[in-house]
Novice: 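This is the structure I want to talk about, given as structure tokens.
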There are 2 protein chains.
Amino acid sequence: MMDLPPINRVLHGDCLEILPALPPNSVDLVFADPPYNLQLRGELWRPELSRVVGVDHEWDRFSSLTEYDDFTRKWLSECQRCLKDSGTLWVIGSYHNIFRIGAIMQELGFWILNDVIWIKHNPLPNLRGTRFCNAHETLIWAKKSDNDKKYTFHYQALKAGNDDRQMRSDWYFPICSGGERQTRNGRTAHPTQKPEGLLRRIINATSNPGDVILDPFCGTGTTAAVAKSLNRSYITMDKDEGYVGLAEKRLAAVSPALLNEPMSLIESRRPKVPFIHLVETGAVPPGTILRLKSKELVEATVHGDATISAKGHRGSIHKVGALCLGTPTCNGWINWYYTDQISRESKLLDCLRSLPSNETKPNNSAFD
Amino acid sequence: MMDLPPINRVLHGDCLEILPALPPNSVDLVFADPPYNLQLRGELWRPELSRVVGVDHEWDRFSSLTEYDDFTRKWLSECQRCLKDSGTLWVIGSYHNIFRIGAIMQELGFWILNDVIWIKHNPLPNLRGTRFCNAHETLIWAKKSDNDKKYTFHYQALKAGNDDRQMRSDWYFPICSGGERQTRNGRTAHPTQKPEGLLRRIINATSNPGDVILDPFCGTGTTAAVAKSLNRSYITMDKDEGYVGLAEKRLAAVSPALLNEPMSLIESRRPKVPFIHLVETGAVPPGTILRLKSKELVEATVHGDATISAKGHRGSIHKVGALCLGTPTCNGWINWYYTDQISRESKLLDCLRSLPSNETKPNNSAFD
DNA sequence: TCTGCAAGTGAATCCGTAT
DNA sequence: AATACGGATTCACTTGCAG
């Protein structure tokens with residue numbers, strides 16, 4: 001057991017060996033981005049015949065679910081021991097691993113406070129059209145245990161920074177790219193580097209300056225870099241010596257913020273409501289007739305799948321609009337009119353898009 | 001074991017007793033909204049499954065977790081048995097129970113296809129200001145097993161309804177309210193009634209008209225009501241006789257949509273012209289030289305049997321393209337160029353198939 | 001200096017039918 | 001059941017270079 005925790009250094013080694021040597025009840029906040037156990041099979045190619053570089057690294061390979069669970073239980077258990085009673089822990093994962101992590105956390109006695117969804121504006125698309133595009137990752141935020149100790153949560157500051165509305169569990173950040181993305185020999189250094197904005201929100205929201213933050217899976221050192229810039233201390237480690245060196249170099253270039261410097265917090269916007277939403281919520285039920293903004297009268301019928309059909313064409317409001325108008329492109333939102341059922345007025349579809357969704361509810365059950 | 005499944009009725013009883021009597025391999029789609037407030041051993045479970053009730057904290061935590069796990073394993077296992085090999089299952093939950101459900105699903109051999117986040121426009125705020133506002137719920141979509149049977153997924157229709165962009169894993173629906181909310185004696189009948197729009201998307205996206213949909217936790221009957229309105233059959237049940245009556249009444253008022261084509265219509269594009277057709281009709285006569293879209297010049301000769309040859313390879317436009325490019329796969333239509341005999345321009349083979357739908361890509365900037 | 005086009009890329013459990 | 005093979009499949013963003 002170490003007498004003093006190894007603060008503000010990047011340790012080289014396996015967290016399962018280093019964590020047991022840390023003193024108990026000494027850490028204020030844990031952020032962990034463990035291997036996801038992706039289990040990729042074949043190669044994946046983009047339609048234009050470039051290959052997707054998947055995560056098929058040694059550190060993400062486990063022989064079985066059981067082996068992954070054992071690994072998870074060990075590092076979570078050690079983090080729990082290191083946490084102060086008032087401390088909290090964040091973990092991030094995807095559907096491959098997050099259910100196992102959450103279940104084990106509950107078994108270890110962690111007290112879940114929230115799950116938070118990081119929604120990516122620019123995820124990798126589903127290239128084969130076989131599933132929904134995987135556009136998010138899940139974070140779990142939990143107390144060390146169901147104790148009475150108060151945990152750090154800057155509710156008011158978060159609210160003030162969020163247009164005076166309380167911060168919700170859906171967070172919007174673009175994936176890490178551009179200058180923030182760490183490189184080695186001109187190539188992406190780590191396949192799963194997390195955006196600094198995400199860490200900035202986590203650390204600002206759930207810790208205080210001077211706190212000790214533990215990240216057992218250092219990678220490119222995002223947690224440590226943001227912690228340092230926000231005047232927190234960090235304890236971090238990685239099995240891969242290359243990442244240790246990279247993180248050390250990155251950290252050397254980070255200077256702590258002087259005061260409450262305004263943080264550049266890059267956020268992406270929430271996606272706009274697609275046409276299918278209006279159909280599903282009953283604002284534009286199947287069978288609705290739309291009219292095109294054109295010289296000749298063109299009428300289209302809305303179908304249950306939110307496609308429309310007119311003049312023998314079927315597809316999206318945009319495609320069918322373009323085909324009917326004979327133009328290469330068409331923004332269906334500002335070219336199709338519907339009849340408002342109350343005022344009997346003809347209105348642009350786009351008007352329905354800006355309505356709060358609770359005003360677009362049907363009063364009848366199901367579709368007739 | 002029943003000879004005929006009890007289609008389109010609301011059964012009264014515990015799903016753990018009714019499900020075992022259903023025939024195996026008979027259900028196309030399962031939607032389950034399992035409870036986490038359970039009355040077991042005379043003890044009302046709290047939303048937090050790991051709530052410590054008694055003196056022996058460890059024992060109580062594990063006792064309540066394992067009881068919930070046993071319950072979960074049983075109903076999931078029965079649903080899995082009832083599912084066709086091509087069938088898929090949806091479950092919805094919150095951080096209180098979704099991690100246990102997901103972990104058990106993986107242990108039972110379900111193959112997760114996506115986790116999907118239902119983001120609520122109007123969630124209940126966190127009234128005490130102690131956590132992030134819980135503004136979402138998590139859905140898991142999974143195949144019965146890791147088999148090679150094709151599951152139903154209407155990719156193209158979803159894309160068409162989503163402004164011509166593939167549907168993502170973040171879904172936006174307001175919570176159920178207004179006329180859709182079921183009441184009993186003027187009060188909310190069920191605390192967690194799901195919005196019909198959510199079920200509409202699930203059922204439209206992952207089933208076909210005529211399919212059998214199983215919901216082991218009927219509640220107010222949202223799944224059954226939407227299934228009926230979309231011309232699907234349903235099997236559903238509830239322990240609570242009050243809910244059975246309520247759901248029956250609700251269902252009696254639902255009429256199947258008249259206008260309801262299968263979503264797959266949009267996917268059954270007009271049959272495309274095979275390459276041999278172009279050779280036979282003289283559009284690409286034997287002897288034509290094709291050039292590959294690649295850095296080095298690769299030329300191929302078209303033969304009378306619609307094979308091509310280049311660099312010692314002979315076969316389809318796809319196979320030879322892949323061999324010349326060194327890629328595992330290649331869509332020859334969009335990688336081989338021919339010279340238009342009139343304009344003398346180099347054009348993609350795909351142009352000869354002339355698909356109007358390809359010419360009307362929306363201009364994304366028009367939607368911002 | 002500015003604009004436009006081409007190329008590159010990101011935690012991915014990613015084909016379907018006929019023989 | 002296993003294999004063969006035709007051909008279907010991507011979104012938002014950044015960087016770099018040409019003009």
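Letters A, B, ... mirror the listed sequences (proteins, then strands); counts begin at 1.
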Novice: Would you say C:dG10 has OP1 or OP2 under 4.0 Å from some side-chain N or O of A:Arg187?
Specialist: no
Novice: Just say parallel, tilted or perpendicular for the rings of A:Phe71 and A:Phe62, cut-offs at 30° and 60°.
Specialist: tilted
Novice: Pull up the glycosidic torsion of D:dT9 and say syn or anti, syn being anything within 90° of 0.
Specialist: anti
Novice: With Watson-Crick and G-U wobble geometry limited to distances under 3.5 Å, how should the secondary structure of DNA chain D be encoded in dot-bracket form, using | for bases paired to another strand and [ ] for crossing pairs?
Specialist: .|||||....|||||||||
Novice: Would you kindly give the CZ-to-C1' distance between B:Phe275 and D:dA8, to the nearest whole Å?
Specialist: 18 Å
Novice: Would you say A:His190 and A:Thr220 are linked by a side-chain donor-acceptor pair, where the criterion is simply a distance under 3.5 Å?
Specialist: no
Novice: Strictly by modelled atom types, are A:Asp215 and A:Thr236 linked by a side-chain donor-acceptor pair under 3.5 Å?
Specialist: no
Novice: Assign B:Gln166 to base, sugar-phosphate, or nothing according to its heavy-atom contacts below 4.0 angstrom with the strands shown.
Specialist: sugar-phosphate
Novice: Restricting to salt bridge (charged side-chain N to carboxylate O under 4.0 Å, His left out), what partner residues turn up for A:Arg46, sequence neighbours left out?
Specialist: none
Novice: Would you please indicate yes or no on a ring centroid separation below 6.0 angstrom for B:Trp90 and B:Trp141?
Specialist: yes
Novice: What's the NE2-C1' distance between A:His57 and C:dG10, to the nearest Å?
Specialist: 13 Å
Novice: Could you measure between the two P atoms, the one in C:dG10 and the one in D:dG7, and give it in whole Å?
Specialist: 32 Å
Novice: Would the A:His121 and A:Tyr172 ring centres measure less than 6.0 Å apart?
Specialist: no
Novice: Do any N or O atoms of the protein come closer than 3.5 Å to N or O atoms of nucleotides 1-7 of chain C, and which pairs are they?
Specialist:
none

Novice: Give a yes or no on whether the backbone of A:Thr192 and the side-chain of A:Lys194 come within a donor-acceptor separation of less than 3.5 Å.
Specialist: yes
Novice: How does protein reach along nucleotides 1-6 of chain D, written 5' to 3' as B (base within reach of a heavy atom under 4.0 Å), S (only sugar-phosphate), or - (no contact)?
Specialist: ----SS
Novice: Output all residues satisfying salt bridge (charged side-chain N to carboxylate O under 4.0 Å, His left out) with B:Asp211, sequence neighbours left out; order by chain, then residue number.
Specialist: none
Novice: Mark up nucleotides 11-19 of chain C, 5' to 3', with B wherever a protein heavy atom is under 4.0 angstrom from a base atom, S wherever such an atom reaches only the sugar-phosphate, and - elsewhere.
Specialist: BBBBBS---
